[in-house]
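Some notes on the structure that comes next.
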Amino acid sequence: MKHDDNLAGEMQRRGVSRRAFLKFGSYVASLMALPPSAAEALAEGLAAARRQSVIWLSFQECTGCTESLTRSYAPTLENLIFDFISLDYHETLMAVSGEAAEKAREAAMAANRGKYIVVVDGSVPMKDGGVYATIGGRTNHQILEDTVKDAFAVVAVGTCAAFGGLPRANPNPTGAVPISTLVGGKPLINISGCPPIPEAMTGALAYVLSFGKLPELDHLGRPKAFFGETIHDRCYRRPFYERGEFADGFDDAGARQGFCLYKVGCKGPVTYNSCATMKWNGGVSFPIQSGHGCLGCSEPDFWDQGGFYRPLSTPLGAMGPALAGAALAGAALGVGAALSARSHQKSYLASAEKEKE
Amino acid sequence: MTSPCAASEPIETGAGFADALISEAIALVERFAKTGETATIDLGGLPMSNRDRAELDDFLGRGEVSANIDVIGRTEVWETRFSGVWRVRHFGGAEVATDLIEIAACPKILFADPRDAESAARGMAKALELKHGIVETPHET
Ligand code: SF4
Ligand code: SF4
């Protein structure tokens, strides 16, 4: 493959016309809720772009993010992004290992100085000199600093990279920190979620490739197109919430009728993500549609919010002030319900514990 | 852990979206007829129920033209029973990835791009040379 050619040239040699770019542009514009006219601009931008060098670093993580991104539901269309990037380093996906792998990373950095994108999944342990995660004798922190210094932009994929995630959960034994605290002033996109929605990753990368700049981000560095609304804003159970019709447990009459899951711990009102509209597994369902509340996995410190099955408004102490405010504003009807739900919660948790024994 | 809570289907009542979209399309077709300005309505981000979609499909129907495009998966294009009002449905695998109403003489995706045609001209010339080359190569028996 000739690396000096643009993407249109590369595709043309494989017998694929510019219709592919128009189709992909329509898809991304639709994903990102851009005006349909943006489809053509995206298509033209992508067609004229060169293959984007991407270096993917994995730190304290579970590989769930990579699993999510490589198992997209629209393989022909969504995987096209892998034709538009050159994944020059990814420990899980690359064939080489050891020194040869490190050489590949160094070669990609040298060849694309100032132009490559660093994607990171996982948080970085800083305690005790970072000894809790090392690769080839170097700490995650050293590898990150070294790789990011000549990058064009950084994409932190998954809640561990974006906000610290599970490794940073109380008591944070390794001193884990999010990527944003270690990359200085480099342009950064956070695609949070545990795991993140693959379309959010595809959309953000395609946008950067087409327009050469970052998409519009929220105050936590997440693309507004995917994180601009809460799960609650677009939840199909919302009419039940508005009417004050709540499931009190996972096996009661309300649950069977599809009532709102607020009282059984749904964090939808304070969680910004696209699950309610994009859904998972090819649009089949999302957690709330399967009968379980949202865990709030795309928000900072979601492991430490006082329990996945506790109603939102009760343990506000653990939340940041902005989240707490949102919870109160968004849950006017739910607050009273939440208080009365505590007793149901306790009995549900107690019976669940008993079942385990 | 499997939740004993019954999974529930999203509510399937029509939200009146079909009528609102049809009114929007009428205004856009009127503008197209007067000025030639094209427009696209993306059905993707709209909170339409399956019933809304079925209602819209029934109303728009199918007209004289339909085409299948085979590019990074399937794309179906058809003119509705209303001239100048097209449906463009892109698939990624078996799933609908993008669902559009286009108001135009012809949806853009059906046109051949002149830059593709430029390389097609070169490709055709090469293919012709090759054809002659193959024809003129004597058979080795
Ligand atoms: S609280 Fe949860 S289940 Fe209820 S409407 Fe909001 S997001 Fe949906
Ligand atoms: S529904 Fe909530 S917990 Fe589940 S994936 Fe979406 S944001 Fe995360």
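Letters A, B, ... mirror the listed sequences (proteins, then strands); counts begin at 1. Only this structure's heavy atoms are used, side chains among them; waters, hydrogens and symmetry mates stay out.
Using a 4.5 Å cut-off between heavy atoms, A/A33 makes no contact with chain B at all. Using a 4.5 Å cut-off between heavy atoms, B/A120 does not touch chain A at all. Proximity to chain A is limited to the side chain of B/I69, based on heavy atoms less than 4.5 angstrom apart. Using a 4.5 Å cut-off between heavy atoms, A/T277 makes no contact with chain B at all. Heavy atoms closer than 4.5 Å to chain A are found in both the backbone and the side chain of B/D42.
Distance check: A/Q12 CD to B/R122 CZ gives 7.0 Å after rounding to the nearest 0.5 Å. To the nearest 0.5 Å, the span separating OG on A/S26 from CD on B/E102 amounts to 7.0 Å. To the nearest 0.5 angstrom, B/L100 atom CG is 7.0 Å from A/S30 atom OG. The OG atom of A/S17 sits 9.0 Å away from the CD1 atom of B/I72 when rounded to the nearest 0.5 Å. Between the CZ atom in A/R19 and the OG1 atom in B/T75 there is a gap of 10.0 Å [rounded to 0.5 Å].
Residue B/E76 places its CD atom among more than 12 non-hydrogen atoms of other residues, nucleotides or ligands, all under 6.0 Å distant.
Ranking B/L110, B/V88, B/I41 against chain A, the residue ahead of the rest is B/L110, based on heavy-atom pairs under 4.5 Å. Between chain A and the options B/D113, B/I109, B/V71, the largest number of non-hydrogen pairs under 4.5 Å is found for B/I109.
With respect to the salt-bridge test (charged N to carboxylate O, under 4.0 angstrom), the residues B/E95 and A/K279 do not qualify.
No side-chain donor-acceptor contact under 3.5 Å links A/R18 to the backbone of B/R115. Formation of a donor-acceptor pair under 3.5 Å by the A/K23 side chain with backbone atoms of B/R74 is found in this model.
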